[in-house]
Amino acid sequence: MCELFAINGRRDVRANGYLTEFFGHGVQNPHGWGVALRADCLADAPDVRGRETITNDEHGLLLRWREPVEASSSALARELVSSPLTARHLLAHIRKATCATLSRENCHPFVGMDVTGRTWAMVHNGVLLNEGMLWGYERRTTGQTDSERTLLFLLDVLDEASLRNEGSLGFEKTFDALSEAIGQLGNLNKLNLILDDGQFTFVHTNTDEPTLHYREVAGADGRTFATMFATTPLGGEGERDAWRPVPRNRLLAYRDGRLVRASVPHGNVFCDAILAAQRALGGIWEPQSGPLTSRSG
């Protein structure tokens, strides 16, 4: 399965070691990688080729790197993690494709802007077997993944909520809109995703076994100043016990490294037995098996 890594912090976290280890998992997830991060200015950002400047807003620059190759053998990924790399907001993804071509456009993180001008970045790990809520969005994507369609759907949900609130949408109403939509989208779908708008990081997982973990980072004063998220705990054996499973079947919101709100749990739990049954019936495409037969992943 794809793997996710993210940081939400009050101050910068040095990410080089974590990303190096994370990219090492590209052997099992060989179909692409990507990183998006916020920087106050270009002077604070890694000066690495392939950099996309997505936006420059009140939360700083949103920068992105993506490549449809195995991260563990990518010269660009090595160049990125060899540069000074610190961030308060960072999303990273390594891809194991279950649909679509192996192209840059199909690599996470995906980005988009809502009607209020907020720029969002999203990474997703999962398979969407029940795509009724995403019908029609394939006409608006640059790639072919259900993950990109998911982001477009969630942006539409936020836009509709904004219009109902006279064009503005604070944190509480943003959270309510996302929580309801993600809870419904989790019906029969594996939905590990992390959304970031440069201020808040929204996290969701709904698998029957833990497939997303978090680790709080504290300063010398013992106070938490950042929280990291990863599919597989990172940091080697010395940090293994610091990671905990992300609470499942609910939306969580973090700001300045701390949990600020959690939704009531929903009942849409994804069981891996569903995925195994789909594979047995030929409903999940494997990259080595030839042409695409599924729109998942």
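Basis for what follows: all heavy atoms, side chains included, without hydrogens, waters or symmetry-related copies.
- The distance from atom CG of L169 to atom CZ of R164, rounded to the nearest 0.5 Å, is 9.0 Å.
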I would like to know whether R248 and E209 meet salt bridge (charged side-chain N to carboxylate O under 4.0 Å, His left out); could you show each step before the answer? CA-CA 9 Å; R248 287 167 278 171; E209 297 293 334; 5.3 Å; no
What do the steps show when you test E239 against Y18 for side-chain hydrogen bond (donor to acceptor under 3.5 Å, both in side chains), and what is the final call? CA-CA 11 Å; E239 296 188 26; Y18 295 109; 2.8 Å; yes
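- Proximity of a side-chain donor or acceptor of H93 to a complementary backbone N or O of G34 within less than 3.5 Å is not detected.
- Of the possible donor and acceptor atoms, none in the side chain of T211 sits under 3.5 Å from a partner among the backbone N and O of T207.
- Among all heavy-atom pairs drawn from K190 and F270, the shortest one is N-CD1, 3.3 Å.
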For side-chain contact (heavy atoms from CB on, under 4.5 Å), just list the numbers for H124 and C2, CA-CA rounded to whole Å, side-chain angles, deciding distance to a tenth of an Å, and then say yes or no. CA-CA 8 Å; H124 169 232; C2 303; over 6 Å; no
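- Counting heavy atoms from C-beta outward, L155 and F153 have side chains that stay 4.5 Å or more apart.
- Each of T20, N16, V48 was compared with L85 under the side chain to side chain contact (heavy atoms under 4.5 Å, CB included) criterion, and only N16 meets it.
- Between the side chain of S179 and the backbone N or O of F175 there is no donor-acceptor pair closer than 3.5 Å.
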For the pair L193 and V123, evaluate side-chain contact (heavy atoms from CB on, under 4.5 Å) and give the outcome as yes or no after the intermediate values. CA-CA 6 Å; L193 61 80; V123 290; over 6 Å; no
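- Between atom CE of residue M122 and atom CG of residue L152 there is a gap of 9.0 Å, rounded to the nearest 0.5 Å.
- The residues D156 and R140 are annotated as salt-bridged, a charged nitrogen and a carboxylate oxygen being separated by less than 4.0 angstrom.
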Let's go through V13 and F225 carefully: what are the C-alpha distance in whole Å and the side-chain angles of both, what is the deciding distance for side-chain contact (heavy atoms from CB on, under 4.5 Å) to 0.1 Å, and is it a yes or a no? CA-CA 9 Å; V13 175; F225 69 86; 4.0 Å; yes
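- Checking side-chain atoms of N130 against main-chain N and O of L188 turns up no donor-acceptor pair under 3.5 Å.
- Remark: side-chain polar atoms of R118 are not paired, donor with acceptor, to backbone N or O of V115 under 3.5 angstrom.
- Rounded to the nearest 0.5 Å, atoms CZ (R244) and OG1 (T227) are 13.0 Å apart.
- L212 is listed as a side-chain neighbour of V203, based on a closest heavy-atom distance under 4.5 Å.
- Side chains of V35 and L91 form no contact here, defined as non-hydrogen atoms less than 4.5 Å apart.
- By the 4.5 Å heavy-atom criterion applied to side chains, V246 and F229 are counted as neighbours.
- The NE2 atom of H31 sits 7.5 Å away from atom NZ of K96, with the distance rounded to the nearest 0.5 Å.
- The main-chain N or O of C107 is found under 3.5 Å from a side-chain atom of R66 such that the two form a donor-acceptor pair.
- For residues 5-29, the salt bridge (charged side-chain N to carboxylate O under 4.0 Å, His left out) pairs, not counting sequence neighbours, are D12-R88.
- In summary, the aromatic rings of W120 and F202 are positioned with their centroids under 6.0 Å apart.
- Side-chain atoms of T141 never come within 3.5 Å of backbone atoms of Q144 as a donor-acceptor pair (strictly under, hydrogens ignored).
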When you look at T205 and N192, which way does the side-chain hydrogen bond (donor to acceptor under 3.5 Å, both in side chains) test go after all the steps? CA-CA 4 Å; T205 177; N192 288 351; 2.5 Å; yes
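- Formation of a donor-acceptor pair under 3.5 Å by the T231 side chain with backbone atoms of L4 is found in this model.
- Atoms NE2 and CG, on H89 and N8 in that order, are 5.0 Å from each other to the nearest 0.5 Å.
- Between W243 and L234 the shortest side-chain heavy-atom distance falls below 4.5 Å.
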Can you list, pair by pair, the side-chain donor-acceptor contacts under 3.5 Å of residues 73-82, counting residues two or more places apart and other chains?
from, atom 1, to, atom 2, distance (Å)
S73, OG, E70, O, 3.3
S74, OG, W33, NE1, 3.4
S74, OG, E67, OE1, 2.5
S74, OG, L76, N, 3.2
S74, OG, A77, N, 3.0
E79, OE1, R49, NE, 2.8
S82, OG, R78, O, 2.6

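- A 4.5 Å side-chain heavy-atom check between T201 and L195 finds every atom pair outside the cut-off.
- N106 and T101 share a donor-acceptor pair across their side chains, judged by distance under 3.5 Å alone.
- Electrostatic pairing of D57 and R38 counts as a salt bridge here, judged by a charged N lying under 4.0 Å from a carboxylate O.
- Listed by first then second residue, pairs satisfying side chain to side chain donor-acceptor pair (under 3.5 Å) with a partner in residues 256-268 read E172-R261, D176-R261, H204-H266, not counting sequence neighbours.
- A donor-acceptor contact shorter than 3.5 Å is absent between the side chain of D159 and the backbone of D114.
- Checked for salt-bridge contact, R95 and E3 miss the test: no charged N lies under 4.0 Å from a carboxylate O.
- Residues L62 and V111 have side chains in contact (heavy-atom distance under 4.5 Å, counting atoms from C-beta outward).
- Using a 4.0 Å cut-off between a side-chain N of Lys or Arg and a carboxylate O of Asp or Glu, R223 and E216 do not qualify as a salt bridge.
- Side chain of T224 to backbone of A226: no donor-acceptor contact under 3.5 angstrom is found.
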Should Y254 and I7 be marked as a side-chain contact (heavy atoms from CB on, under 4.5 Å) after you check the CA-CA gap, both sets of side-chain angles, and the distance that decides it? CA-CA 10 Å; Y254 287 78; I7 296 170; over 6 Å; no
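- Here the straight-line distance linking atom CD1 of I182 with atom CG of L251 works out to 5.0 Å at 0.5 Å rounding.
- Contact annotation: the side chain of T174 approaches that of L158 to within less than 4.5 Å [non-hydrogen atoms, C-beta and beyond].
- Aromatic ring pairs are classed by plane angle as parallel below 30°, tilted from 30° to 60° and perpendicular above 60°; the pair F200 and F171 is parallel.
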